[in-house]
Amino acid sequence: MTLVSPTLDAPADGLAARMGRIAASPASILRRRARELRAEGRDVIELSAGDLDFPTPDHVVAAAHRAALAQETGYTDTDGTPALKDAVRAAFARQNGLSYGPDEIIVSTGSTQVLFSAFAATLEPGDEVIVPQPCWAPYLNQVRLAGGVPVPVACPPDNGFKLRPADLNRAITDRTRWVVLNNPVNPTGAVYDAADLSALARVLLDFPGIRVLADGLYEHIVFDGQRAPTMAEVEQQLKPRTLTVSGVAKAYGMEGWRIGYAGGPAPLVRAMAKVQSLTTGCPSSISQAAAVAALTGPQTLLAERAAELQRRRDRFAALLDGCAGLACPLPEGTFYLIVSCAGVIGRRTVAGKPIETGRDFAAHLLETAGVAVLAGEDCGLSNHVRVSFGQPMATLEEAARRIARACAELR
Ligand SMILES: Cc1ncc(COP(=O)(O)O)c(C=O)c1O
């Protein structure tokens, strides 16, 4: 498997040199592009971003409304309100059997901020962070922004796109400070089970200076009765050096409320809170009230939503797998299909444009089919595209019809 890097902007006058070494989140760029095209009157189906169509539950919106009416509109503690930190502790205990004290919890403006604060609080220039690839591209750029060096390690398709312990071992140097373990994995939908994590833990136990960044943002979106455990619950010995990250965005239909959280060792959490105090001050008070309602209210919606996503996965993957030149394995979790377009590489569009990369294919789908998808290259994977199934079934069926036509017309 070849590793590919995302496109970077050229350095510009008046900007810090590091701006030439980082890129914005590719999904956020595409989301905006799709919106602009729609504003121009184009009929675009947006399957590139990480938003689900599921609404924020009514009781969560009501809690936010109540908080606003009660004037809970001041700054909160930097690391989150006591009520939300308690709700997060209860959620970790319920979901992962993990026990954290209040000083081991931080609430942030999305898990995006949790991750950045962790890197900013710990990395010295040149420190390395192992990032299994394909990956959510912002990990790489957050590490660079914090002065570190991301070390992508290929997770081959014949290992279900999962990190092999031997590859992890080989990537470790005396500069390694973190290993990122996202489970389930954006963009491949791979799920590490307890045995997978134990095998990786056996490697890490030999390196006491390496921390684990366990990103479980999609932990509730797992299919076929599986579970996506997190490292600290699988290997208790690693808990003192693991940051267990999650958030309400994907689980509760709350992407725009911007609440993420983490549990980890108190000194690390304190340092992250210091970063947070200087960057955002604190997470939104109203959103925190909403997140308390989400985490402490009825949890039946989690399984209901996962079941609906599994139905969409099965139907949409079958439709895309039937398109000329595409191959679409079933993801075990998340709401993304990682579709191989290797079978259309080397063909040309009706206008004569060659399709040489996943990026070319994504551009072809946007131009001719009005379907926005993420190029695999933006997640470190060539000759693939990442397609979301976080939209209603009828939208997915229409997208599949358009994609089938766009594939069929390639020569
Ligand atoms: C793997 C992964 N981690 C973290 C995030 C950040 O999510 P948020 O900041 O909305 O909590 C995302 C967003 O899509 C993601 O895919």
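Remember, it's 1-based here, ligands and their atoms both numbered in the order they're listed. If you're wondering where the values come from, they're calculated on a predicted model, not measured in any experiment.
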ask   = How long is the gap from CG on L181 to CG on L213, to the nearest 0.5 Å?
value = 8.5 Å
task = List the atom of V245, the atom of S111, and the distance in Å for their closest heavy-atom pair.
result = CG1-CB, 3.8 Å
key: Pairing residues for D53 by the salt bridge (charged side-chain N to carboxylate O under 4.0 Å, His left out) criterion, not counting sequence neighbours   = R312
ask   = Where does Q113 meet ligand 1, judged by heavy-atom distances below 4.0 Å: at the side chain, the backbone, both, or neither?
value = neither
key: Plane angle bin for F389 and F223 - parallel if under 30°, tilted between 30 and 60°, otherwise perpendicular   = tilted
query = Measuring from the heavy atoms of G110, does anything fall under 4.0 Å of ligand 1?
reply = yes
request  = Only heavy atoms count here, so choose which of L115, V180, T109, D215 is nearest to atom 1 (C) of ligand 1.
outcome  = D215
ask   = Got the closest protein heavy atom to atom 9 (O) of ligand 1, with its distance?
value = T112 OG1, 2.6 Å
message = Parallel, tilted or perpendicular: which one describes the rings of F92 and Y261, with boundaries at 30° and 60°?
response = perpendicular
Under-4.0 Å heavy-atom contact with ligand 1, by part of Y139 that carries it = side chain
request  = Drop me the distance from L115's CG to L243's CG, to the nearest 0.5 angstrom.
outcome  = 8.0 Å
key: Protein heavy atom at shortest distance from atom 14 (O) of ligand 1   = K250 NZ, 2.9 Å
query = Can A249 be said to touch ligand 1, with heavy atoms closer than 4.0 Å?
reply = yes
Structural part of L217 in contact with ligand 1, heavy atom criterion under 4.0 angstrom = side chain
query = Any N/O of E255 closer than 3.5 Å to an N/O of ligand 1?
reply = no
Residue D206 excluded, over 12 heavy atoms near CG under 6.0 Å = yes
query = Listed by chain and number, what are the side chain to side chain contact (heavy atoms under 4.5 Å, CB included) partners of T349, not counting sequence neighbours?
reply = A351, K353, I355, H364, L410
note = Going by the 4.0 angstrom heavy-atom rule, the piece of S111 near ligand 1 is both
inquiry  = So for ligand 1, is N186 a polar contact partner (N or O within less than 3.5 Å, distance only)?
reply    = yes
